[in-house]
Amino acid sequence: MPRYNPAQIEPKWQAYWEENQTFRAPDLPGDEKLYVLDMFPYPSGDGLHVGHPEGYTATDIVCRFERMRGKSVLHPMGFDAFGLPAEEHAIKTNTPPRESTERNVATFRRQLKMLGFSYDWSRELSTTDVDYFRWTQWIFLLLFDTWYDTQQRRGRPISELPIPAEVQDEGEEAVRHYQNDFRLAFQSDALVNWCSKLGTVLANEEVIDGKSERGGYPVTRLPLRQWMLRITEYADRLEQDLELVNWSDSIKAMQREWIGRSTGAEVDFLIGDPAGEAAWREARAAAGFPRKPGDDVLRIYTTRPDTLYGATYMVIAPEHPFVERLTTAAQQSSVTEYCQQAAAKSDLDRTDLGKEKTGVFTGSFAINPVNGQPVPIWIADYVLISYGTGAIMAVPAHDTRDFEFAQQFEIPIICVVEPAEHEQLDAIRRGEVCLAGSGTAVNSGQYDGMTTGEFKTRIAADLRAQGLGQEAVNYKLRDWLFSRQRFWGEPFPILHELDDAGQPTGHLKPVDACDLPVDLPYLEDYKPHGRPEPPLGKAPDEWLYPVIDGKKYRRETNTMPQWAGSCWYYLRFIDPKNDQAFVDPEKEKAWMPVDLYVGGAEHAVLHLLYARFWHKVLFDRGYVSTPEPFARLINQGMILGEIEFTGFVAEDGSAVSVTNVTRDAEGRQVHKKTGAELTGIKLAADQVEKKGDSFVRKDDASIRVNSRAHKMSKSRGNVVNPDQIVTDYGADSLRLYEMFMGPLEAPKPWSMAGVNGVRNFLDRVWRMIVDANSETAILNPAVKDVDPTEEQSRVLHKTIKAVTHDFETIGFNTAISRMMEFVNYFTREATRPRSAMEQLVLLLAPMAPHICEELWKILGHDQTLAYAAWPTFDEALTQDATIEVPVQVLGKLRGKVTVAADISRDDLLAAAKSLENIQPWLDGKQIVKEIVVPGRLVNFVVR
RNA sequence: GCCAGAGUGGCGGAAUUGGCAGACGCGCUGGAUUCAAAAUCCAGUUGCCUUAACGGCAGUGAGGGUUCGAGUCCCUCCUCUGGUACCA
């Protein structure tokens, strides 16, 4: 075996690992456990993408590294195979979903094995396995059985829900209804996001800019009875517990933003008879702020109670229950028209037209509780019924949206906050410019002169004392719409009781845990039809209408969304074969939490928020031991296509500089001045050159071109296929290249030349150790059983130290650089100590396991190196005996002095001062200051 | 608009967190080897000025500041990427 041949080595070692179960994790860990998890893929029909191996290689390196350091490592892999994408693929290829899913899983499994990841494959699972989703259904039943105790701030069994006496008195039926109102899984008639193209409703999180996240199809609002999960009850804990985890700030920020906690106050404005104001105030002062507002007040939510004196109008959402009552006869027709228009608008329209504010006056007034002034009440769709109380006080002087609206409808603008310093202070005072920030109160009666912060605290206390308001917290997070009208998902383990006439009684019966799983029935036609009735409604009667204890039921025909299975798979990996529980408590306690979780940032809100929610419910109910599932999260950056140069040409073929290109309203690329449509053309690297900060055409340097890397996509034709890379360069080269490209978390452009570069490095490693001229696999004659020289030792120990540090901090690109330096050094050495070669093989093994196993064997070992001891270093040997210290004059480098590493401060200073090329810079000058940083530098400040 | 993150050679990227900017790789140039090529090995490679050799000046998106010393810290601005968008 003279030359490095990955095509031969790699399958051989993959077979070895599989036969010997090399990476099988123990049921319970030893002294130190490490649970490293990849976000499992959904097995698309396209097979693995080069983005997948990036994160998977990173976790694999960590696992292999830590195994060599003696840790018990759990590193599993599975497939997220239920849901829309899998079903869409099945429909497209006209295959039953289970069949096409299994085929895709097989492809993914083959590709993952081909890359040599050290997964414990005995734990493989798919969310579509009946034995798996049996427990997904079980957890759903747990959610159904749980209510959230806001006092204790935790989920509790529904049997422990206190039932008010008056409900108790009404009988069993009333109690049941009361309980249903508190369950974490509940049914609700609400306006939902309906996507007829996908034939299902979608969660808020799955709708982006009024279009479906998957497919980009239009989404409309439709009232439908749907299953919801009360994730909002956990909003504060989901937000606060972000403190407990080691995640990137940006992901935490995205979750925080999605949860959208805001603090402020609720305030009641009297809308009843103004003559009764005094009596109302008296009653309120005595009784305090009521939990639910009466019909005589309009309750608003504001984050700026300090601007109450500047409220010049109020707005209620078009869907607000008071619309009818507040509308005067004179305004009736315009209000009706406006509300109908608002209702007809889809979410997309509402945001699209968001630039121009619309609204209509009701004709009614409310009374401002702080000054008794009447305030006109408007209806406008910029106020959302689903947030806060669906009503606001508008303070145009200090809120940009209110300001816009007030300008449009010529409503007075009263400044009540003055900034400390502002260029347009006078304009702000006159209400001509909006100030959204904080400052000092003016025109606010007794509160004048207070800072915004003081004012907020004071007014909250005063309002509370008068029973007119109270502090309040609001979240943007909405309850999670959990049902889908599709076939390919987990059936709900819920039965609807039917009466003798076959009509639903409204009574829900959860399927007994011992009767789980509820499997999917066989359906001839499972395809969505664009109407809200689920396809499971066409299931055979034996499935659809079970009879239990003589009672007839109809099964729930909705299915769970794609996210259900991925909410708890990390727990099942710990105990994948258990048929008594979703996970054994002892094993759960031993392995959780996940120590390192790696995946794409596209799951920043959806998956990670949902999984954390389920985990907290399981935690509250005593089934898991940690409050958070994922202790550390790293998002790998996206791998982009190769850098492309794009030039623009007009219709007549003339080149146009990129500085003159813009996009018109329809998104077409047009000339900035003439508006003529332009075409982008791909230019080869040798057609362009760098000029200043940008690239220009070689044939005309005045024409600037675009240079950037794009997302890989089929339509762009820049997709890199991992199979091809493995064939051409080998799996180790692919792994190594993806780690060498740059920091794990950064987005990086692909470069074929770069793959060739790391392959070159592996060739050099091979030749450093193996005799490339021999027919058989024997050591390079330069490798000898000798002790390393002192210099060789220093190189070795420095490398061990640096690589170990880089592995600990996930700095894989620099770790590779260090090993390249090692190889560059030792290939120049005529004698290469075998021990040093062995140490390098161990260092490189986590990254390029196949070649290293082979080299390890050639170096005379008959066991896998997967559990060989990680190399250690001697700190003393990582320092050089002599060091070169830069010498500066006035901060500029003027010379270098070579001295002993442990030189004293004074000796270093003396050596620097006597340096020959320093003298001219010191001559005739006075040394004002001498800066000596031992081991680092000397700097003379002269005058 | 708002919130994150990032701007360093022809390219991907280093820089122990305030201490020699450009490690390592790609590409390019030259050389060795070869009948020739591939492969391999060696040397060079930020720009400008200058030298026989040395050396000097500038330089990390732009401008300002702090410091003996700034890619790194502070202020203002520009560009790009991702997220988000009437959430009161």
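Quick caveat: nothing in here was measured; it's all calculated off a predicted structure. Hydrogens, waters and symmetry mates are skipped; everything else that's a heavy atom, side chains included, is used.
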Among [options], find the nucleotide with the atom closest to the side chain of [X].
X	options	result
A/Asn824	B/C24, B/A14, B/G19	B/C24
A/Pro749	B/C3, B/G13, B/G10	B/G13
A/Ala753	B/G10, B/C26, B/A88	B/C26
A/Arg894	B/C57, B/G13, B/C86	B/C57
A/Glu821	B/A88, B/A23, B/C57	B/A23

Determine the Euclidean distance between corresponding [atom1] atoms of [M] and [N]; express it in Å to zero decimal places.
N	M	atom1	answer
B/C74	B/G19	P	15 Å
B/A15	B/A23	C1'	8 Å
B/G10	B/G5	P	29 Å
B/A58	B/G22	C1'	15 Å
B/G12	B/U17	C1'	23 Å
B/A43	B/C24	P	12 Å
B/C78	B/A62	C1'	7 Å
B/U60	B/G47	C1'	14 Å

Quiz item: For A/Ser262 and A/Val605, take the nucleotide of RNA chain B holding the closest heavy atom to each; which residue's nucleotide lies nearer the 5' end?
Solution: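 Checking each residue's closest nucleotide, the 5'-ward one belongs to A/Val605.
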Practice problem: Please tell me which of A/Gly260 and A/Asn813 maps to the more 5' nucleotide of RNA chain B, matching each residue to the nucleotide holding its nearest heavy atom. | Solution: A/Asn813
Quiz item: Does A/Lys357 make a cation-pi contact with A/Tyr382 (under 6.0 Å, within 45 degrees of the axis)?
Solution: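 Positive - A/Lys357 is close enough to the ring of A/Tyr382 and near enough to its axis.
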Quiz item: For A/His805, does the NE2 atom have more than 12 heavy-atom neighbours from other residues, nucleotides or ligands under 6.0 Å away?
Solution: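 Incorrect, the count does not exceed 12.
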Quiz item: So what does A/Arg828 touch, heavy atoms closer than 4.0 Å: a base, only the sugar-phosphate, or nothing?
Solution: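 If one applies the 4.0 Å heavy-atom cut-off, A/Arg828 turns out to touch the sugar-phosphate alone, with no base involved.
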Quiz item: At under 4.0 Å between heavy atoms, what does A/Thr827 touch on the DNA or RNA strands: base, sugar-phosphate, or nothing?
Solution: nothing
Exercise. Would you mind reading off the distance between A/Leu843 atom CG and B/C24 atom C1', rounded to a whole angstrom?
Key: 16 Å
Self-check item: Integer-rounded Å distance: B/A14 C1' and A/Lys748 NZ
Solution: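 Atom NZ in A/Lys748 sits about 15 Å away from atom C1' in B/A14.
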Self-check item: A/Lys798 and A/Asp880 ion-paired at < 4.0 Å
Solution: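 Yes, charged N to carboxylate O under 4.0 Å.
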Quiz item: In terms of side-chain geometry, is the basic nitrogen of A/Glu54 or A/Lys748 positioned less than 4.0 Å from the acidic oxygen of its partner?
Solution: yes
Quiz item: With distance as the sole criterion, is a donor-acceptor pair present between the side chains of A/Thr878 and A/Arg794 under 3.5 Å?
Solution: no
Practice problem: Classify the side-chain pair A/Tyr475/A/Arg261 by whether it contains a donor and acceptor separated by less than 3.5 Å. | Solution: yes
Looking at [X], does any N or O in its side chain come under 4.0 Å of the phosphate oxygens OP1/OP2 on [N]?
X	N	answer
A/Arg764	B/U40	no
A/Lys892	B/A58	yes
A/Asn760	B/A39	no

Exercise. Please evaluate the base of B/C20 for a donor-acceptor partner in the side chain of A/Lys896 within a cut-off of under 3.5 Å?
Key: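 When only heavy-atom distances are counted, A/Lys896 does reach the base of B/C20 through a donor-acceptor pair under 3.5 Å.
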